[in-house]
Amino acid sequence: QVQLVESGGGLVQPGGSLRLSCVASGRTHRDDGMGWFRQAPGKEREFVAAIRWSGAGTWYGDAVNGRFVISRDSAKNTVFLQMDSLKHEDTAVYYCGLRQGRAISAILRDPSQYSVWGQGTQVTVSS
């Protein structure tokens, strides 16, 4: 059974940057997908970004496109989310998830398609 552990959250001022990490322990496959989602109080879980373990393909939510970058280090079984130009509205708990199996855009944007989740890491953007 794969387990995911996120880290890197914290408090940052508007315009600042943070880098989140998600380490996967256990067996993953190159065709699996890894996604970042976020959830603010009282809101549904929102798609942020996704990538295939093979590195062939990245996808972003409209709210973060151009500001966030997802990447992975397959040797370390780690996925990263570099977040720049942070805004107040980026404040949320960020979760990484593992999609086992077919990983295409429509599937990766749907949180119900993920079988494993991390515990989440809080990101707060405030002056």
Side-chain angles (χ1 to χ4, degrees):
Q1 178 69 18
V2 176
Q3 293 184 324
L4 305 176
V5 178
E6 303 101 331
S7 62
L11 173 65
V12 63
Q13 293 185 342
S17 299
L18 280 176
R19 189 192 196 203
L20 305 184
S21 300
C22 174
V23 179
S25 61
R27 187 174 182 179
T28 57
H29 299 274
R30 60 181 285 107
D31 291 332
D32 289 345
M34 292 292 294
W36 285 98
F37 288 76
R38 65 188 183 187
Q39 191 163 19
K43 294 188 176 181
E44 294 186 351
R45 194 162 291 196
E46 177 189 15
F47 172 72
V48 175
I51 189 169
R52 290 197 188 102
W53 269 121
S54 67
T58 57
W59 298 267
Y60 296 93
D62 291 341
V64 307
N65 196 20
R67 299 187 296 123
F68 292 9
V69 176
I70 189 170
S71 61
R72 95 278 182 258
D73 183 336
S74 56
K76 296 182 179 180
N77 258 19
T78 302
V79 174
F80 303 99
L81 184 68
Q82 177 66 40
M83 307 187 295
D84 297 324
S85 302
L86 284 162
K87 305 175 181 179
H88 288 291
E89 50 264 43
D90 293 319
T91 296
V93 177
Y94 284 69
Y95 299 90
C96 68
L98 171 66
R99 158 66 189 183
Q100 292 171 302
R102 192 182 184 202
I104 60 173
S105 176
I107 289 175
L108 290 169
R109 294 171 185 271
D110 180 358
S112 71
Q113 299 294 327
Y114 289 73
S115 54
V116 183
W117 291 97
Q119 82 288 352
T121 185
Q122 176 71 46
V123 171
T124 302
V125 184
S126 176
S127 53

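For this chain, numbers begin at 1 and follow the sequence in order. In this text, all values refer to a predicted model and were calculated from it rather than measured experimentally.
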Could you state the interatomic distance from CD1 (I70) to CZ (R52), rounded to the nearest 0.5 Å?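 Output value for this atom pair is 12.0 Å.
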
Looking at OH of Y95 and CZ of R38, how far apart are the two atoms once the value is rounded to the nearest 0.5 Å?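 That separation rounds to 13.5 Å.
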
Would you say [X]'s side chain and [Y]'s backbone share a donor-acceptor pair under 3.5 angstrom?
X: T78; Y: K76; value: yes
X: R99; Y: L108; value: no
X: Q119; Y: V5; value: no
X: T91; Y: V125; value: yes

Determine whether D90 and M83 satisfy the following criterion, side-chain contact (heavy atoms from CB on, under 4.5 Å), listing intermediate values before the conclusion. CA-CA 9 Å; D90 293 319; M83 307 187 295; over 6 Å; no

Looking at every non-hydrogen atom in both residues, tell me the closest pair between [X] and [Y] and how far apart they are.
X: A49; Y: L81; value: CB-CD1, 4.1 Å
X: L4; Y: A24; value: CD2-CB, 3.6 Å
X: V48; Y: V64; value: O-CG2, 3.3 Å
X: D73; Y: W53; value: O-CZ3, 4.5 Å
X: P14; Y: S127; value: CD-N, 3.8 Å
X: S85; Y: S17; value: N-OG, 4.4 Å

Under the disulfide bond (SG atoms under 2.5 Å apart) definition, can you give me all pairs with a residue in residues 87-127, not counting sequence neighbours?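 Output for this query lists C22-C96.
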
Within 6.0 Å of CD in E89, more than 12 heavy atoms from elsewhere: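 Yes - once you tally the heavy atoms of other residues, nucleotides and ligands closer than 6.0 Å, there are more than 12.
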
If you define the side chain from C-beta out and look only at heavy atoms, does anything of W59 sit under 4.5 Å from F47?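 Side chain of W59 against side chain of F47, heavy atoms only: contact under 4.5 Å found.
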
Under the ring-ring contact (aromatic ring centres under 6.0 Å, His included) test, residues paired with W117 that sit two or more places apart: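 W117 satisfies ring-ring contact (aromatic ring centres under 6.0 Å, His included) with F37, Y114 once adjacent residues are dropped.
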
